[in-house]
Amino acid sequence: MKTILVTGGAGYIGSHCVLALLEQNYNVVILDNLSTGHIETVETLKKYGNVKFYNTDLLEPANVDVIFKENNIDAVVHFAAFSQVGESVINPQKYYINNVCGTLNLLQAMLTNNVKKIVFSSTAATYGEPKYIPIDEKHTQEPINPYGQTKLFIEKIMDDYDKAYGLKSVRLRYFNVAGADSKTRVGEWHEPETHLIPNILKSTFNGGQTFKMFGTDYDTKDGTCVRDYIDVEDLVNAHVLALQYLNNGGETNYFNLGTNNGNSVKEVFSACEKVTNKTIAVDVMERRAGDPASLVADNKKAKEILKWQPKKTLEESIKNAYEWEKVNGN
Ligand code: UFG
């Protein structure tokens, strides 16, 4: 069976992708420096299939090369990156060095070892402030923060590497990823947690901080920001399909991963109250810097070309996230 290198496989989305790949009988090699991923997650993943783990950093090119020499890697799924928008504004150097230089080292090792297929974790943040909604892949890419810039630079590098070296990439531009494994094996585990759904859910536990709602005066249906919440299990299935697409000789391409539906912060909050069957306390705060009012994906292209179909409702994602929080985050 084919072996896939998953960088960032100990992290939130990466770990769910590893499970999806194991379910398709791939062998998985994980590269992770555990800076935001967790060794406990790797131990869990090892129970479900053929998983080899390298605790190393993409900024160590010799170590990355060894992984390709020691394993018969067929393709790469590349998640490893820093991903906090706010932090990237305060410390852009951390983002440019880690995300861009790390990826350059990865691509170099791929080319040295003649591996020419990569699925890359890109982001809706490459589009910047939306000019129209829903956002399709033809929307201009003008990121408004260093995090989005790093992902856009990498997309452009991948285009040049295809022209020059025949490296085929599929770039998946995520909207707001939500939920957890439906068997509660892995889930969202960030320290500190900045994302909406886990923060609402954590506030329901004893000792949890009161949920802070950032901004209720946006020009949206109820004044709170609208986002397109895509379930993490649906999202990782698109990565499996993208690998199949590349294996079938597919050309370099890029796709939005979202649901075509926007939900406001207040709607998500109400859905969390319904799923948890609790009345949740809330502190209404000022706007959080850098939040656009609305981000919603047009996902037609991924449906047509990858034959991808997101299935889970927002409530199902919240339910899985809640089950995970009860076991692991409480
Ligand atoms: N929010 C709150 N309270 C919280 C956390 C979030 O009110 O405790 C609000 C935010 O202000 C925002 C919405 O909930 O309006 C969603 O915020 P998230 O932090 O969950 O997600 P973002 O939309 O900011 O960011 C996500 C990813 C980024 C990615 C971006 C792309 O986390 O990595 O989408 O648009 F860059």
Side-chain angles (χ1 to χ4, degrees), residues 8 11-14 36 79-89 95 98-99 121-130 133-135 139 141-152 154-155 171-179 188-204 208-232 235 256-259 262-272 280-298 314 317-318 321 325 329:
Y12 170 42
I13 303 171
T36 56
F79 297 97
F82 291 132
S83 63
Q84 286 189 36
V85 171
E87 183 188 51
S88 80
V89 176
Y95 278 71
N98 184 71
N99 294 5
S121 163
S122 187
T123 170
T126 60
Y127 294 117
E129 198 64 49
I133 300 273
I135 300 171
H139 192 286
Q141 288 181 293
E142 294 167 5
I144 54 169
N145 52 64
Y147 165 66
Q149 288 283 17
T150 65
K151 295 284 183 173
L152 180 57
I154 295 165
E155 288 207 24
R171 285 99 63 156
L172 299 174
R173 298 178 186 154
Y174 311 159
F175 283 66
N176 285 58
V177 188
E188 193 161 4
W189 181 1
H190 297 120
E191 287 164 14
E193 187 52 74
T194 61
H195 294 102
L196 178 64
I197 293 171
N199 275 351
I200 299 173
L201 296 174
K202 282 179 199 300
S203 75
T204 67
Q209 291 184 349
T210 305
F211 168 64
K212 295 183 170 63
M213 185 180 281
F214 299 126
T216 52
D217 59 350
Y218 286 94
D219 184 17
T220 57
K221 48 188 161 186
D222 60 19
T224 61
C225 288
V226 170
R227 294 287 181 275
D228 185 337
Y229 294 89
I230 174 70
D231 185 81
V232 67
L235 182 101
N256 287 339
L257 297 182
T259 66
N263 284 104
S264 71
V265 172
K266 281 185 179 166
E267 286 171 342
V268 173
F269 181 81
S270 299
C272 288
I280 303 175
V282 54
D283 279 342
V284 173
M285 315 289 288
E286 294 294 301
R287 291 182 179 198
R288 189 174 72 175
D291 280 341
S294 291
L295 286 173
V296 180
D298 181 328
L314 177 64
S317 300
I318 293 173
E325 288 292 344

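In listed order, ligands and their atoms are each counted from 1. Just the heavy atoms: all of them, side chains too, but no hydrogens, waters or symmetry mates, feed the values below.
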Fill in: For Ala125, the ligand 1 atoms whose distance to one of its heavy atoms is below 4.0 Å
31 (C), 36 (F)
Worksheet item: Which part of Asn199 is near ligand 1, with near meaning a heavy atom under 4.0 Å away: side chain, backbone, both or neither?
Response: side chain
Worksheet item: Is the shortest N/O to N/O distance between Leu196 and ligand 1 below 3.5 Å?
Response: yes
Worksheet item: Under 4.5 Å between any side-chain heavy atoms of Pro130 and Ser294, yes or no?
Response: no
Worksheet item: Taking the side chain as C-beta and beyond, is there a heavy-atom pair between Cys225 and Thr220 under 4.5 Å?
Response: no
Fill in: Subset of ligand 1 atoms that lie under 4.0 Å from at least one heavy atom of Val85
36 (F)
Item to complete: Could you tell me the residue and atom name of the protein heavy atom closest to atom 11 (O) of ligand 1, and the distance to it rounded to 0.1 Å?
Response: Asp291 OD2, 2.6 Å
Worksheet item: Considering only the protein, which heavy-atom contact is closest to atom 18 (P) of ligand 1, and what is its distance?
Response: Arg288 NH2, 3.7 Å
Worksheet item: What protein heavy atom is closest to atom 7 (O) of ligand 1, reported as residue, atom name and distance in Å?
Response: Phe214 N, 2.9 Å
Discussion item. Tell me if a side-chain donor or acceptor on Lys202 pairs with a main-chain N or O of Gln209 at a distance below 3.5 Å.
Written reply: no
Discussion item. If the cut-off is 4.0 Å to any non-hydrogen atom of Thr194, which atoms of ligand 1 fall inside it?
Written reply: 5 (C), 6 (C), 19 (O)
Discussion item. As an exercise, identify every atom of ligand 1 less than 4.0 angstrom from a heavy atom of Arg227.
Written reply: 23 (O)
Worksheet item: Taking the non-hydrogen atoms of Tyr174, is any one of them nearer than 4.0 angstrom to ligand 1?
Response: no
Worksheet item: Passes side chain to side chain contact (heavy atoms under 4.5 Å, CB included), Lys266 versus Met213? Steps please.
Response: CA-CA 8 Å; Lys266 281 185 179 166; Met213 185 180 281; 4.0 Å; yes
Fill in: Nearest-neighbour protein heavy atom for atom 3 (N) of ligand 1, which is reported as residue plus atom name and distance
Lys212 O, 2.7 Å
Worksheet item: What protein heavy atom sits nearest atom 13 (C) of ligand 1, and how far away is it?
Response: Val265 CG2, 3.9 Å
Worksheet item: Which of parallel (below 30°), tilted (30 to 60°) and perpendicular (above 60°) describes His190 and His195?
Response: tilted
Response to the item:
Quick note on ligand 1: atoms under 4.0 Å from a heavy atom of Thr123 include exactly 29 (C), 31 (C), 36 (F)
Worksheet entry | Heavy-atom nearest neighbour in the protein, as seen from atom 27 (C) of ligand 1, with distance rounded to 0.1 Å | His195 NE2, 3.9 Å
Discussion item. Regarding Tyr229 and Thr259, do their side chains bring together a donor and an acceptor under 3.5 Å, going by distance alone?
Written reply: no
Practice prompt. Would you mind telling me which of Gln149, Glu155, Glu142, Gln141 makes a side chain to side chain donor-acceptor pair (under 3.5 Å) with Thr126?
Written response: Gln141
Practice prompt. Examine distances only and state if a side-chain atom of Asn256 and a backbone atom of Asp298 form a donor-acceptor pair shorter than 3.5 Å.
Written response: yes
Practice prompt. Do me a favour and list the nearest non-hydrogen protein atom to atom 34 (O) of ligand 1 with residue, atom name and distance?
Written response: Asn176 OD1, 3.6 Å
Worksheet item: Could a heavy atom of Tyr229 be found less than 4.0 Å from some atom of ligand 1?
Response: yes
Worksheet item: Of all the atoms in ligand 1, which lie at a distance below 4.0 Å from a heavy atom belonging to Cys225?
Response: 15 (O)
Worksheet item: Taking the side chain as C-beta and beyond, is there a heavy-atom pair between Lys151 and Ser121 under 4.5 Å?
Response: yes
Item to complete: With heavy atoms under 4.0 Å as the rule, classify the contact between Val268 and ligand 1 as side chain, backbone, both or neither.
Response: neither
Worksheet item: Considering only heavy atoms of Leu295, which atoms of ligand 1 have at least one such atom less than 4.0 Å away?
Response: 35 (O)
Practice prompt. Report, in ascending order of atom number, the atoms of ligand 1 lying under 4.0 Å from any heavy atom of Met213.
Written response: 7 (O)
Worksheet item: Looking only at protein heavy atoms, which one is nearest to atom 36 (F) of ligand 1, and how far off is it?
Response: Tyr147 CE2, 3.0 Å
Worksheet item: When you look at CG of Asp219, are more than 12 heavy atoms from neighbouring residues, nucleotides or ligands closer to it than 6.0 Å?
Response: no
Worksheet item: Quick check: does any side chain N or O of Asn99 sit under 3.5 Å from a backbone N or O of Phe82, one acting as donor and the other as acceptor?
Response: yes
Discussion item. Between Arg287 and Asp217 (side chain of the first, backbone of the second, donor and acceptor by atom type, cut-off under 3.5 Å), is there such a pair?
Written reply: yes
Worksheet item: So Tyr147 and Tyr95, would you call those rings parallel, tilted or perpendicular, with 30° and 60° as cut-offs?
Response: perpendicular
